[in-house]
Trainee: 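Here it is, the structure in full.
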Amino acid sequence: MNYFRQNIEKAKGYEPGFQPRQTDVVKLNTNENPYPPSPAVTKVLAKITPEQLRRYPDPLGDQFRQAAAEVNGVQPDYIMCCNGGDELLSIAFRAFCDENRPVAYPVPTYSLYPVLANLLPCRAIEIPFDDEFNLPAKLIGTNAALTIICNPNAPSGTFISTAELASLADELTGILLIDEAYVDFAQANCANMVKDFDNVIILRSMSKGYSLAGLRFGYAIAPPTLIAGLMKLKDSYNVDTISVAVATAAIKDQQYFKQNVDKIKKSREELTEQLRALKFEVLKSSSNFVLAKSKNRNAGDIYDKLVQRNIYIRFFNLPGLDDKLRITIGTKEQNDILLSALKDILSE
Ligand SMILES: Cc1ncc(COP(=O)(O)O)c(C=O)c1O
């Protein structure tokens with residue numbers, strides 16, 4: 001018997017990056033932060049009591065909303081806590097899209113968007129980026145109910161200016177969701193746009209800049225009317241007591257966060273230069289990863305040879321990406337191991 005809806009039966013589902021079981025590997029494949037979270041996180045974790053776990057959590061995570069509002073210069077009613085940024089994407093698709101209300105986004109980009117469109121289902125209008133990953137003009141005029149711009153984009157790492165996104169928000173007739181999962185590593189962000197536009201939602205993640213990928217915590221910044229609407233679709237208790245306490249401690253420690261992010265940005269510039277010296281074409285990245293195009297060697301082969309050496313990066317066997325490798329910025333030691341393996345492989 002087939003009990004599933006037809007599109008679910010046919011769907012492949014999202015394929016997450018490989019999570020190796022061993023710990024003695026160089027893992028640069030899923031854009032995690034190579035450094036630990038703030039020491040404030042460890043302190044808060046140690047203080048969680050069984051009594052706190054006996055009770056349901058605060059349904060809105062107000063402690064976090066207050067802290068995130070301060071960091072982003074908005075009021076707490078502009079913030080919604082989510083079980084990872086991915087939950088916000090899932091909520092937004094369900095809130096704005098259906099068979100007659102398509103989603104639009106430039107490609108290549110985060111591969112979860114088409115998966116979510118397919119699960120609803122809704123039509124996905126995919127507009128190709130040019131080679132430099134500029135904002136495609138054709139996004140205006142799609143009449144999509146939801147337009148998503150991943151900024152910085154994954155997997156290119158490229159950045160679209162806040163001015164360009166503001167003028168896009170102005171032109172669109174539907175919602176503009178700016179996926180800022182990687183914005184902690186970028187030169188600017190769009191948080192201020194939520195004060196000027198009634199159709200803008202910003203996605204933030206605690207997984208990257210705050211080193212909390214295992215916690216599953218993200219949040220939306222949006223005008224209060226949109227936040228109130230989005231909240232109707234979330235699980236009643238979508239963020240738990242532990243994660244609210246931990247995420248709050250992490251976002252409050254802006255000094256640690258900035259130091260951590262600065263280290264990664266410095267390593268990103270070094271790794272970019274070193275990869276270019278090995279004759280890779282590397283796009284300027286505003287993220288915690290780089291996309292490197294191999295001019296002379298098959299990217300899939302390089303990937304396989306790195307796996308044999310217990311070094312994991314990301315290879316997408318997809319049009320436009322199958323000659324490229326996405327490499328998460330690691331510690332200096334991890335980056336050096338990768339570079340020395342690449343030198344070996346390229347000289348074979
Ligand atoms: C572009 C993009 N958006 C959103 C997310 C969601 O992040 P999380 O659910 O870990 O907060 C990710 C995760 O890798 C991502 O790459």
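Order of appearance sets the numbers: ligands from 1, and atoms from 1 within every ligand. The structure displayed is predicted, hence computed values, not measured ones. One is the number of the first residue; the rest follow in order along the sequence.
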Trainee: Within the structure, is a non-hydrogen atom of Glu87 found at a distance of less than 4.0 Å from ligand 1?
Mentor: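 Flag not set, Glu87 not near ligand 1.
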Trainee: Can you name the closest pair of heavy atoms from Val103 and Ala117 and give their distance?
Mentor: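 Closest approach of Val103 to Ala117, heavy atoms only: CG1-CB, 4.1 Å.
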Trainee: Is there a heavy atom in Arg216 that sits closer than 4.0 Å to ligand 1?
Mentor: yes
Trainee: Does the ring of Phe185 carry Lys208 above it, NZ/CZ under 6.0 angstrom from centre and within 45° of its axis?
Mentor: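 No cation-pi geometry.
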Trainee: With side-chain hydrogen bond (donor to acceptor under 3.5 Å, both in side chains) as the criterion, how do Glu87 and Asn238 come out once you've worked through the C-alpha distance, each side chain's angles and the decisive distance to 0.1 Å?
Mentor: CA-CA 9 Å; Glu87 188 197 16; Asn238 63 332; 3.0 Å; yes
Trainee: Short list, please: which atoms of ligand 1 are under 4.0 Å from a heavy atom of Gly84?
Mentor: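 Selected atoms, number and element: 9 (O), 11 (O).
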Trainee: Mind checking whether Cys150 has a heavy atom under 4.0 Å from ligand 1?
Mentor: yes
Trainee: Which residue supplies the protein heavy atom nearest to atom 7 (O) of ligand 1, what is that atom called, and how far is it?
Mentor: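 Ranked first by proximity to atom 7 (O) of ligand 1 is Ser205 OG, 3.7 Å.
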Trainee: Is it true that Asp179 lies under 4.0 Å from ligand 1, counting heavy atoms only?
Mentor: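 Yes.
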Trainee: Below 3.5 Å, can you tabulate the donor-acceptor pairs from side chains in residues 10-25 to any protein atom, sequence neighbours excluded?
Mentor:
from	atom 1	to	atom 2	distance (Å)
Gln19	OE1	Lys27	NZ	3.1

Trainee: Under 30°, 30 to 60°, or over 60°: which ring-plane class applies to Tyr219 and Phe64, parallel, tilted or perpendicular?
Mentor: perpendicular
Trainee: Could you list the atoms of ligand 1 found under 4.0 angstrom from a heavy atom of Lys208?
Mentor: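 Once the distances to Lys208 are compared, the set is 13 (C), 14 (O).
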Trainee: What part of Asp86, side chain from CB on, backbone N/CA/C/O, both or neither, has a heavy atom under 4.0 Å from ligand 1?
Mentor: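 The answer is both.
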Trainee: Please round to the nearest 0.5 Å and tell me the distance separating atom CG of Asp322 and atom CZ of Phe316.
Mentor: 12.0 Å
Trainee: Under 4.0 angstrom from ligand 1, any heavy atom of Gly218?
Mentor: no
Trainee: Between Lys265 and Glu269, does any side-chain N to carboxylate O distance fall below 4.0 Å?
Mentor: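 Judged by the 4.0 Å cut-off on N to carboxylate O distance, Lys265 and Glu269 do not form a salt bridge.
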Trainee: What about Tyr105 and Tyr110, are their ring centers closer than 6.0 Å?
Mentor: no
Trainee: Does a side chain donor of either Lys332 or Asn335 reach within less than 3.5 Å of an acceptor in the other side chain?
Mentor: no
Trainee: Would you say Gly85 has any N or O atom under 3.5 Å from an N or O of ligand 1, going by distance alone?
Mentor: yes
Trainee: Can you name the atoms of ligand 1, numbered from 1 with element, that are less than 4.0 Å from a heavy atom of Ser207?
Mentor: 8 (P), 10 (O), 11 (O)
Trainee: For ligand 1, note which part of Arg204 has a heavy atom under 4.0 Å away: side chain, backbone, both or neither.
Mentor: neither
Trainee: Can you list the ligand 1 atoms lying under 4.0 Å from a non-hydrogen atom of Tyr182?
Mentor: 1 (C), 14 (O), 15 (C), 16 (O)
